Student: 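Submitted below is the structure of interest, expressed as structure tokens.
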Number of protein chains: 2
Amino acid sequence: MERKRARSGEIRLTEVAKLAGVSPITASRFFRNPQALSPSKRERVASAAKELGYVPNLAARALASQRTEVIGVLIPSLTNNVFSDVLRGIYDASEGSRYSIQLANTRYSILQEEKLLRLFQAQKPAGLIVTGIDQTAESRSVMETMHCPIAQIMEIGPDPVDMMVGFSHYDAAFAAVSHLLAQGFRRIGFLGAQMDPRVQRRLQGYRDAMKAASLFDPRTIVTTPVPTTVTLGGTLFADLLSRTPDVEAVICVNDDLALGVLFECQRRHISVPEDMAIAGFNDLEFMAAAVPSLTSVRTNRYEMGRLAVSMVTAAIDGNRPPNPVVDLGFELMVRQSSSARSL
Amino acid sequence: MERKRARSGEIRLTEVAKLAGVSPITASRFFRNPQALSPSKRERVASAAKELGYVPNLAARALASQRTEVIGVLIPSLTNNVFSDVLRGIYDASEGSRYSIQLANTRYSILQEEKLLRLFQAQKPAGLIVTGIDQTAESRSVMETMHCPIAQIMEIGPDPVDMMVGFSHYDAAFAAVSHLLAQGFRRIGFLGAQMDPRVQRRLQGYRDAMKAASLFDPRTIVTTPVPTTVTLGGTLFADLLSRTPDVEAVICVNDDLALGVLFECQRRHISVPEDMAIAGFNDLEFMAAAVPSLTSVRTNRYEMGRLAVSMVTAAIDGNRPPNPVVDLGFELMVRQSSSARSL
DNA sequence: CGCCCAAAAGGTAGCGCTACCATTTTTTTG
DNA sequence: CAAAAAAATGGTAGCGCTACCTTTTGGGCG
């Protein structure tokens, strides 16, 4: 009666089955698809499990069934408020499903992303959510070998790996710049930090909108690869002013920069919007509370996360959404900081 | 030659071993403890694994070894900047180790926390990080049955479940109020939102500091259970002013509220700090950039997350830190918004 | 009342890996 | 150089669950 191996000491399904007077496989079915049991057995298994305090062993389940109920999520930053909204949507949606989330941080590096995708491979996730559309070729090929539904989020573009939920950063920036132009501003600066691909596309939107108005001037673009902070917004704005003192408005790639510009204006006694209009991007909550309130581009980040999870889970269950690419759009929130030039 | 069951189609360890000309167990050891192999076999297994593109099956590993390399993390919010810093520390530290993070959101509910702990049980995590010290009795008993190192973070207190990394919210608030008193402010209001246990302890620190100066007046306390926003800071401040128009300073339980107060002061043309001093809590980055710059209590949240992971992983490996409770302290960042009353 | 078919339940055999020894090879040492 | 010790390697038998198939049960119907 030698026992070769130390048992975990936890209650196993077999023990629940024995107490309930059913076979292990019936008990197993109870936990996965209770409707398959007759009401009497269902009852018996339920009470046996409760009595013994049974907790299923997920590793054994995953090994036997060859699948997991994990959705892997790759995002570039944990600090950026933008992603915390997306994450909230993702976690909220996952709680309503039987899936759990495995989160990893790429730190804005597509090589790190590639490495993390390989790590995910070992977990055999049931689905995957990745940020952006600029994966390496290697990443793409790893994703393809994973044979699971994949949603790319934050932006939309051609050639989805599988599904996409996002919006056009180009269009959003174009719209914001067009608004400033419509308000009568001619010399419009552009401030950018953390120049990830989405920010690059916003810059392109700015560029094209300015060119369309024959007002493009490369000297009014100030960017840095450094991560965004409010303080940095002030610094970049100072740079911009020293280069082109005649700017009348600035569009910032995010709201932190915009707030930094507002503070810098206050410090220099530049009145907003009379002497300087400001527009941000993302519409964080503080934009409406600022004095003056700050114009921004609102995007539905929470919904983006929520929808990504629900599209992925639907696809896992075989209900692939008819349209794999969802454009969630954006909304320009016009506020005091960009009100019309009164000449 | 009937095959009963569909194989996954992935490369297995056995296949790597065969190609390398070693036994499966030797190949297994290569992935867990390469030094145990002779250099020649190590080489052979490495190249075989590479050639076949072998990816280990984590579920099988977890089942066979009866343990995982997962650290469960429970935090109350994904939106609050405070936790994103902690999370960054946690994820950064985990990348240096062989552990991966399983994150769950309790939404400030200890019942939700209890439910999530039960979910974690099924995963048999190697370690656990939980926020705060106010778990339910049931949660505590679940944690004890998990037999893994556990770190409570964000604050310190008596009776740790296992280990703790944090600081005293009471002391921090007490220090901030003492500073305002030392600057000559007498009528000091308190603004609080999202009244979680840590915020309650800050309130207690305020109360005791004011009482010690014989200046306590319950009418100058304005709190709400609603989640924090910048806008809410303005609203609460307006409430405070309508109740006690003679307040000279406000201490806010977090920086978002403080920023809201600043904006509300700007809106009402109340000059800061001449007519109203402001102090916040957490020292988010924008506090130093604001005009005027805003006083706050700096806490080392990134380090808190990092240290929690390293203490837990050390404990898993049997190197339990000598002192299980680490007080990371705080630092009062005195800025323009609370400079001395010039009478 | 027997027959047929669907629903419910059970038996068996792995899923891919590692713990636990036993065995072989190498190194050390008197 | 043989014996003992240490290091490297291998064989076997599960870890706890579920896929796959077979058997049993129940119920409708001629």
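Numbered from 1 within each chain, the chains take letters A, B, ... in sequence-line order. Note that the structure is predicted; figures quoted are calculated from it, not measured.
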Student: Within this structure, what is the CG-to-C1' distance between B:L13 and C:dA19, rounded to whole angstrom?
Tutor: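 Distance, rounded to whole Å: 14 Å.
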
Student: Between B:Y54 and C:dG16, does any side-chain N or O lie under 4.0 Å from OP1 or OP2?
Tutor: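 For B:Y54, the contact criterion (side-chain N or O under 4.0 Å from OP1 or OP2 of C:dG16) is not met.
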
Student: Whole angstroms only, please: what is the CD1-C1' distance between A:I11 and D:dC15?
Tutor: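 In whole Å, D:dC15 C1' and A:I11 CD1 are 16 Å from each other.
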
Student: Name the nucleic acid region contacted by B:F31, choosing base, sugar-phosphate or nothing; use a 4.0 angstrom heavy-atom cut-off, strictly under.
Tutor: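 No contact at all - B:F31 keeps every heavy atom at 4.0 Å or more from the nucleic acid.
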
Student: Does a donor on one side chain and an acceptor on the other come within less than 3.5 Å for A:S28 and A:R32?
Tutor: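 Judged by distance alone, the side chains do pair up.
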
Student: Roughly how many Å is it from CZ in A:R32 to P in D:dG16, rounded to a whole number?
Tutor: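 About 17 Å, once rounded to whole Å.
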
Student: Assign A:R67 to base, sugar-phosphate, or nothing according to its heavy-atom contacts below 4.0 angstrom with the strands shown.
Tutor: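 Touches sugar-phosphate only.
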
Student: Grab the CZ-C1' distance between B:R12 and C:dT18 for me, whole Å please.
Tutor: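 Computing the B:R12:CZ to C:dT18:C1' distance gives 15 Å.
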
Student: Just the rounded figure in Å: distance from P of D:dC17 to CG of A:L63.
Tutor: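 The answer, rounded to whole Å, is 12 Å.
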
Student: What side-chain hydrogen bond (donor to acceptor under 3.5 Å, both in side chains) pairs are there with at least one residue in residues 123-134 of chain B, not counting sequence neighbours?
Tutor: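 Residue pairs with at least one partner in residues 123-134 of chain B: B:D134-B:R201.
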
Student: Whole angstrom is fine here: how far is it from CG in A:N57 over to C1' in D:dC17?
Tutor: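 My rounded result for the distance is 8 Å.
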
Student: Check the side chains of A:T106 and A:Q112 for a donor-acceptor pair under 3.5 angstrom, ignoring hydrogens and angles.
Tutor: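 Result is no, nothing qualifies.
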
Student: Around atom CZ of A:R67, are there more than 12 heavy atoms of other residues, nucleotides or ligands at under 6.0 Å?
Tutor: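 Open.
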
Student: Assess whether a salt bridge exists between A:R118 and A:E113, defined as any Lys/Arg side-chain N lying under 4.0 Å from an Asp/Glu carboxylate O.
Tutor: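 The answer is no: the pair does not qualify as a salt bridge.
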
Student: A quick test of your reading: do over 12 heavy atoms of other residues, nucleotides or ligands sit less than 6.0 Å from CZ of A:R140?
Tutor: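 Result for CZ/A:R140: enclosed.
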
Student: Phosphate oxygens OP1/OP2 of C:dT18: is one of them under 4.0 Å from a side-chain N or O of B:S28?
Tutor: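 Affirmative; the distance criterion is met.
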
Student: Can you name the residues that form a side-chain contact (heavy atoms from CB on, under 4.5 Å) with B:S23, not counting sequence neighbours?
Tutor: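 For B:S23 the side-chain contact (heavy atoms from CB on, under 4.5 Å) partners, ignoring immediate neighbours, are B:I25, B:T26.
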
Student: Produce the list of close N/O pairs, under 3.5 Å, pairing protein atoms with atoms of nucleotides 7-9 of chain D; give distances to one decimal.
Tutor:
| from | atom 1 | to | atom 2 | distance (Å) |
| --- | --- | --- | --- | --- |
| D:dT9 | OP1 | B:S38 | OG | 2.6 |
| D:dT9 | OP2 | B:S38 | N | 2.9 |

Student: Separation of A:L58 atom CG from D:dC15 atom P, in whole Å?
Tutor: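 Going from A:L58 (CG) to D:dC15 (P), I get 18 Å.
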
Student: How close or far is atom C1' of D:dG16 from atom CZ of B:R61, stated in whole angstroms?
Tutor: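 About 18 Å, once rounded to whole Å.
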
Student: Give A:F30 one of three labels, base, sugar-phosphate or nothing, depending on what nucleic acid heavy atoms sit under 4.0 Å from its own.
Tutor: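 The answer is nothing, as A:F30 stays clear of every strand by at least 4.0 Å.
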
Student: According to a strict under-4.0 Å criterion, is B:Q66 in side-chain N/O contact with OP1 or OP2 of D:dG16?
Tutor: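 Yes.
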
